[in-house]
Amino acid sequence: MTLKIYNSLTKEKEEFKPVEKNKVKMYVCGMTVYSDAHIGHARTYFAFDMIRRYFEYKGFEVTYVQNITDVDDKIIAAANKEGIDALEYSKRYADRCFADLDKLGIRRADIYPKASETVPDMIKLTEKIIDNGFAYESDGDVYFSVEKFKDYGKLSGQKLDDLMAGARIDPADKKKNPFDFALWKKSKPDEPSWDSPWGAGRPGWHIECSAMSSKFLGLPFDIHGGGMDLRFPHHENEIAQAEAATGKDFAKIWIHIGLLTVDGDKMSKSIGNIVNVKDLLEKWDSEVIRFFFAQAHYRSPPDFSEKALKNAKKGLARIHRVKEKLVACASRKIGEINDKDLVPNEKNYLKEIVDFKTSFVSAMDDDFNTPQAVSIIFDFVNSSNRFFEKATKLNSYICRFALDTLLELGSILTLFQTSKIKNSILDDDLLKKVQRIADNYEINVKGKTMEESIDLLLKKREEARTKKDWGTADGIRNDLDKIGFEIQDTVDGPVWRKK
RNA sequence: GGGCGGGUAACAAAGUGGCUAUGUGGCGGACUGCAGAUCCGCAUACGAGGGUUCAAAUCCCUCUCCGCCCUCCA
């Protein structure tokens, strides 16, 4: 089983061959921290988290570097407006963004270099580029000369001549070619600045990624990624800088994530449709959001909408119901059994589980095809339900095996993560609601836990049902449903789950 | 103008030469006091036109429509 990845550089799916055996070195362009994390950030970083997890699943040792752009025009402008230091301002938003992404259940990268702390490396890299004849100084600025780098455009497929034809760039006085870009910018008043061989100033945006990736990963490294929007000019420029400075190949594989739209529109400040992660988490469980992401391929542009999340939530509930059935069945104590003791239903189910795992892995091996992988999870769900439907007795060994497989595959898609941050305020609130319902039905639940209280309510409901008191029975069910508990009557009696 | 990627059933979204994708929704049936869950069955597809092939949603050509990038952007 070999892993194939679509490489934006070659525009082909390629078999993954690590630079260093059993290791994966990946660099992903991170956030410019001047406002809260939005759903687009979440989508991109979810995709790379999933990619990293899958590499780990395949047994690779992954080093994942993601930069933090904490010095930039927008940050400086916003900080000046508030009258505070730019770095203080960006620190604040970096903390907020990471807190939001943490809550979303996206694992952090291994290293988060900050632009402001990597300036000496950027200066060194810029000097090398000048020494190698690919850049020039112009009145305190330093520009990269795109004409000198013959491979310029190899990532985006753009030719310099074609770019010229469609150019809508003002002929910049300091540049030799309008597509030359700044490696170093002369400082202006009220800006953070650093000393350099070209006087006080600050680095250009593109140079930070070239400097940080080569500093922490070495050249060449395996994977460089980011949003689709960064392909040109940002990534094109990164390649030019790194290769001009070192003469080595930069990144082997380029991965670009399709940009998310909101209700069919591009997400932008001008439309005013930016969806913040923080706001989203008030209404939706993080797992629902992640599952929504997993249902679209990373290279496709998913369309975010309430409807799409509702859809994801319903599908996810199906998966959880099966998981809970398996947990219940697996926890029954039954000894080991011999293969010959299995009935056809059980044998068939075991075989299907093994097949699902194989299909799941080959879906993921094919350029991280999570939508297909999700469909296999649903095949698993359907098969499990059929198994339970036909089973005359339940075998805990089989359920354990099925459960382990489901948890293993699910974890690759970030499913079934137990929330580390227990929300005690919400839990207390829910217990009070349950207690209030119990009071209405004259059940004393003083000092009882939520689970015990619900069980008592369901016991009361069963009593009502035997008396054919449908009013009380349906009342209890509806009241619990309203506060978020799903009640189902089964042959084994009533069961409940949190929706 | 140049570059990149698309158009699949009601919606979302995989597949990419022959085999039911999948989810949500719809219809019918089973189960149930009812509901829900679950199972069984059904319907609705591959933008248009040509071509290659025994066979095309899938390969080739032409056309058409849409999105994104070329300015900061995940």
Side-chain angles (χ1 to χ4, degrees), chain A residues 8 11 28-32 34 37-48 66 69 72-74 77 97 153 155-170 179 205 225-234 236 256-261 264-269 274 291-292 294-297 299-303 305 307-308 310-319 321-322 325 359 363 366 369-382 384-390 465-466 468-470 473-474 477-478 481 486-491 494-495 497:
Chain A
S8 294
K11 289 159 194 73
V28 172
C29 288
M31 291 177 278
T32 300
Y34 67 100
H38 58 64
I39 179 83
H41 292 123
R43 187 280 202 280
T44 295
Y45 301 123
F46 167 83
F48 286 109
Q66 191 183 119
T69 302
D72 137 292
D73 292 347
K74 269 179 291 198
C97 287
L155 176 66
S156 58
Q158 306 272 4
K159 290 190 191 80
L160 223 38
D161 293 346
D162 294 334
L163 283 168
M164 293 299 194
R168 39 172 155 147
I169 293 175
D170 298 329
F179 287 93
W205 174 43
M228 200 61 168
D229 51 338
L230 298 183
R231 209 174 48 133
F232 188 89
H234 183 56
E236 194 70 63
H256 288 105
I257 310 299
L259 291 197
L260 174 141
T261 56
D265 291 317
K266 188 188 161 180
M267 193 165 62
S268 77
K269 281 236 166 82
I274 291 179
F291 189 61
F292 160 71
Q295 281 181 297
H297 186 84
R299 283 193 278 129
S300 308
D303 186 41
S305 64
K307 189 183 168 187
K310 266 185 205 159
N311 199 312
K313 185 177 177 172
K314 282 185 184 173
L316 196 55
R318 255 167 87 78
I319 297 170
R321 273 184 220 110
V322 158
K325 273 202 258 183
S359 323
D366 184 14
N369 194 335
T370 55
Q372 182 134 63
V374 166
S375 84
I376 291 156
I377 296 280
F378 280 116
D379 288 341
F380 184 109
V381 166
N382 294 146
S384 302
N385 280 139
R386 246 174 269 134
F387 165 74
F388 280 112
E389 195 83 7
K390 284 189 203 156
R465 288 183 72 210
T466 40
K468 295 196 195 297
D469 175 7
W470 309 127
D474 293 350
R477 185 172 65 195
N478 289 339
D481 185 83
E486 183 177 287
I487 309 302
Q488 284 167 37
D489 295 322
T490 74
V491 284
V495 295
R497 64 183 291 274

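Just so it is clear, the model here is predicted, and its values are computed rather than measured. Just the heavy atoms: all of them, side chains too, but no hydrogens, waters or symmetry mates, feed the values below.
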Expressed in angstrom and rounded to an integer, what is the separation of A/H41 atom NE2 from B/A74 atom C1'? 5 Å
Indicate yes or no: at least one non-hydrogen side-chain atom of A/L259 is less than 4.5 angstrom from one of A/P301. no
Between A/Q488 (side chain) and A/V495 (backbone), is there a donor-acceptor pair under 3.5 Å? no
Going by the rule ring-ring contact (aromatic ring centres under 6.0 Å, His included), which residues pair with A/F48 if we only count those two or more places apart in sequence or in a different chain? none
For A/T261, enumerate each residue passing the side chain to side chain contact (heavy atoms under 4.5 Å, CB included) test, keeping only those at least two apart in sequence or located in another chain. A/D303
For a quick check of understanding: with a heavy-atom distance under 4.0 Å over all strands, which category does A/F388 fall into, base, sugar-phosphate or nothing? nothing
Base-paired stretches in RNA chain B with three or more consecutive Watson-Crick or G-U pairs, both distances under 3.5 Å, amount to B:1-7 with B:64-70, B:10-12 with B:22-24, B:26-30 with B:38-42, B:47-51 with B:59-63
How many Å lie between CD1 on A/I257 and C1' on B/C68, as a whole number? 15 Å
Treating A/N478 as the side-chain partner and A/D474 as the backbone partner, does any N or O pair qualify as donor plus acceptor under 3.5 Å? yes
C1' atoms of B/U71 and B/C60, separation to the nearest Å: 39 Å
Touch class at under 4.0 angstrom, heavy-atom based, for A/K307 against every strand present: sugar-phosphate
Side chain of A/K314: nearest nucleotide among B/C72, B/A74, B/G25? B/G25
Gap in Å between the two C1' atoms, one belonging to B/C11 and one to B/U44, rounded: 12 Å
Start at the 5' end of RNA chain B and walk down; is the nucleotide closest to A/D265 or to A/F48 reached first? A/D265
Please enumerate all protein N or O atoms sitting under 3.5 Å from an N or O of nucleotides 14-18 of chain B, with distances to 0.1 Å.
residue: B/A14; atom: OP1; partner: A/H297; partner atom: N; Å: 2.9
residue: B/A14; atom: OP1; partner: A/S300; partner atom: OG; Å: 3.0
residue: B/A14; atom: O3'; partner: A/N369; partner atom: ND2; Å: 3.0
residue: B/G15; atom: OP1; partner: A/N369; partner atom: ND2; Å: 2.9

Give the B/S/- string for nucleotides 2-8 of chain B, one per nucleotide from 5' to 3', where a protein heavy atom under 4.0 Å of the base yields B, of only the sugar-phosphate yields S, and otherwise -. BSSS---
Taking atom P of B/A74 as reference, at what distance in whole Å does atom CZ of A/F232 sit? 18 Å
Can you check whether A/L155 reaches A/R231 side chain to side chain, under 4.5 Å on heavy atoms? yes
B/A30 and B/G67: how far apart are their C1' atoms, nearest whole angstrom? 46 Å
Gap between atoms CZ and P, on A/F291 and B/U22 respectively (whole Å): 14 Å
Start with the C-alpha distance between A/I319 and A/F378, add both sets of side-chain angles, then the distance that settles side-chain contact (heavy atoms from CB on, under 4.5 Å), and finish with yes or no. CA-CA 7 Å; A/I319 297 170; A/F378 280 116; 3.9 Å; yes
When rounded to the nearest Å, what value does the distance between C1' atoms of B/U62 and B/A74 take? 37 Å
Within-4.5 Å side-chain heavy-atom neighbours: A/N385 and A/K325: yes
Describe the nucleic acid contact of A/L259 in one word from base, sugar-phosphate, nothing, applying a heavy-atom distance below 4.0 Å. base
How close or far is atom P of B/C72 from atom NZ of A/K74, stated in whole angstroms? 9 Å
Mind checking if A/D379 touches a base, just sugar-phosphate, or nothing, with heavy atoms under 4.0 Å? sugar-phosphate
Determine the interatomic distance between P on B/G3 and the same-named atom on B/U52; round to the nearest Å. 30 Å
Looking across every strand, which nucleic acid part, if any, lies under 4.0 Å from A/G226 by heavy atom: base, sugar-phosphate, or nothing? sugar-phosphate
If every non-hydrogen atom of A/C97 is compared with every non-hydrogen atom of A/M31, which pair is closest and at what distance? CB-CE, 3.8 Å
Main chain of A/A294, side chain of A/T370: is a donor-acceptor contact present, judged purely on distance under 3.5 Å? yes
Do A/R321 and A/R497 touch side chain to side chain, with heavy atoms closer than 4.5 Å? yes
A/S384 side chain to A/F380 main-chain N or O, any donor-acceptor pair under 3.5 Å? yes
Would you list the protein and nucleotides 26-28 of chain B atom pairs, both N or O, that sit under 3.5 Å from each other?
none

Residue set satisfying ring-ring contact (aromatic ring centres under 6.0 Å, His included) with A/H297, at least two apart, ordered chain then number -> none
Those residues at least two apart in sequence (or on a different chain) that pass side chain to side chain contact (heavy atoms under 4.5 Å, CB included) with A/D366 are A/K13
Nucleotide B/A13, atom C1' - distance to CD1 of A/I377 in whole Å: 16 Å
Nearest whole Å is fine: how far is B/C68 P from A/D229 CG? 12 Å
Partner set under side chain to side chain contact (heavy atoms under 4.5 Å, CB included) for A/D481, not counting sequence neighbours: A/K499
Scan A/G30 against the nucleic acid and name what it touches under 4.0 Å (heavy atoms): base, sugar-phosphate only, or nothing. sugar-phosphate
Rounded to the nearest angstrom, tell me the gap between atom CD1 in A/I319 and atom C1' in B/G23. 9 Å
Say we look at B/A9 and B/C61: how far apart would their P atoms be, to the nearest angstrom? 25 Å
When rounded to the nearest Å, what value does the distance between C1' atoms of B/C39 and B/A10 take? 24 Å
Quantified in whole Å, what is the P atom distance between nucleotide B/G26 and nucleotide B/A48? 28 Å
What nucleic acid atoms does A/I376 come within less than 4.0 Å of, heavy atoms only: base, sugar-phosphate, or nothing? nothing
Under 3.5 Å: donor-acceptor pair, side chain of A/E236, backbone of A/G153: yes
Compare side-chain N and O positions of A/K266 against OP1 and OP2 of B/C69 and report whether any pair is under 4.0 Å apart. yes
Mind checking A/T32 for me? I need base, sugar-phosphate or nothing, with any heavy atom below 4.0 Å counting as a touch. sugar-phosphate
A/D489: side chain to side chain contact (heavy atoms under 4.5 Å, CB included) partners, not counting sequence neighbours: A/R461, A/E462, A/R465, A/R477, A/P494
Looking at every non-hydrogen atom in both residues, tell me the closest pair between A/R43 and A/R299 and how far apart they are. NH2-N, 4.5 Å
What one-letter contact string describes nucleotides 31-46 of chain B from 5' to 3', where B marks a base within less than 4.0 Å of any protein heavy atom, S marks contact via sugar-phosphate atoms alone, and - marks no contact? --BBBBSSSS------
For A/F387, give me all partners under ring-ring contact (aromatic ring centres under 6.0 Å, His included), at least two apart in sequence or on another chain. A/Y349
